[in-house]
Amino acid sequence: MRLFFKIVLGIFFLVFLALAIFLIPPHLQTQAVEPDLPSEQALRDLMSVEDGPIAVHYVLSASQDVRGSKLGHTSFLVEWANGTLFMIDAGMDAEGAAAFVELLKGIGGGGEGEFFGTVGDQLGSHLARVKGAGFTHLHIDHTQGITSFCETRGDGTALLQTDHQRDLHNFNTSEGAGLVTGSCLSRGALNGTELLTNETFPGLGLVALGGHTPGSTLFVVGLKDRLWLFSGDTTNTKADLLTNTGKGFVYSGLLVPENTGRTQKLRLWLRSLNKNDDIDVIVSHDLRALQASGMPQFGQ
Ligand SMILES: [Zn+2]
């Protein structure tokens with residue numbers, strides 16, 4: 001019995017050691033990403049640039065029931081008067097979405113899923129208008145759709161990406177990073193420090209966030225009368241943002257190595273910005289909150 005106890009203890013120790021060896025490097029990597037954030041005024045300045053964007057739309061590629069709420073896989077399209085579109089996140093194709101449904105069913109809490117078409121399919125004849133693209137982060141559920149997008153779009157879309165997102169990868173961003181690097185997107189230049197911009201897309205800004213992943217990025221869109229902030233997966237629901245609720249140890253410690261001090265800081269920062277009547281924070285996967293925001297769906 002004593003021997004049996006020792007063997008169990010030994011196995012437990014080895015599993016713990018293997019987990020630690022596997023998880024410590026990505027944790028150290030994401031802990032090191034805490035860049036300065038821009039002021040509210042710097043964000044608001046995007047609302048008054050010349051020839052700024054005229055609208056923002058969302059595209060829903062797939063959804064899944066998760067514990068009574070709707071998890072959406074969304075892309076966002078920023079539109080300018082000259083016809084230019086910028087795409088934030090690429091969603092997934094049918095196969096990727098089906099695999100993700102099974103993943104969430106396996107982890108627990110995931111219900112039935114529905115697929116509505118890739119972002120490329122839903123854009124149809126508007127595809128050639130997409131002159132730029134970027135990703136809130138490189139997890140597969142935000143990047144996998146870029147492959148089918150490129151099959152129909154071909155060249156001509158600039159990738160706006162922070163250096164953090166280009167350079168810092170871990171076990172659950174490297175696959176998406178590979179898809180983006182090998183895609184039809186060609187990297188465009190960014191100017192600025194805390195708030196990064198590109199002159200082809202006036203009124204659009206990028207902020208290096210970190211927290212959820214080392215390369216997590218906030219996309220800021222300044223319409224004349226409204227500022228949209230695309231926070232990716234900094235939180236999984238808008239309610240978690242408004243109540244400053246973290247994702248728990250299993251998620252942030254084991255499944256997705258997060259910088260939880262940073263995500264807490266980001267929740268508070270985004271929540272305070274969201275208190276303004278003319279500023280809306282969009283949480284990538286919270287479909288009901290997205291629909292409540294009043295943002296139109298593309299083509300409708
Ligand atoms: Zn996600």
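Counting convention: from 1, in listed order, for ligands and their atoms alike.
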message = Using 2.8 Å as the threshold, say whether any N, O or S atom from H142 sits that close to the Zn ion (ligand 1).
response = yes

key: L218 and L206, any side-chain heavy atoms less than 4.5 Å apart   = no

Backbone of A128 reached by a side-chain donor or acceptor of K131 within 3.5 Å = yes

key: Trace of the side chain to side chain contact (heavy atoms under 4.5 Å, CB included) decision for K224 with M47   = CA-CA 5 Å; K224 286 257 170 298; M47 299 168 79; over 6 Å; no

ask   = Within the stated cut-off of 2.8 Å, is an N/O/S atom of H285 closer than that to the Zn ion (ligand 1)?
value = yes

remark   = From the list F76, Y58, F219, ring pair (Phe, Tyr, Trp, His ring centres under 6.0 Å) with F230 holds only for F76

query = In D141, which N, O or S atom comes closest to the Zn ion (ligand 1)?
reply = OD2

query = By atom name, which N, O or S atom belonging to D233 lies closest to the Zn ion (ligand 1)?
reply = OD2

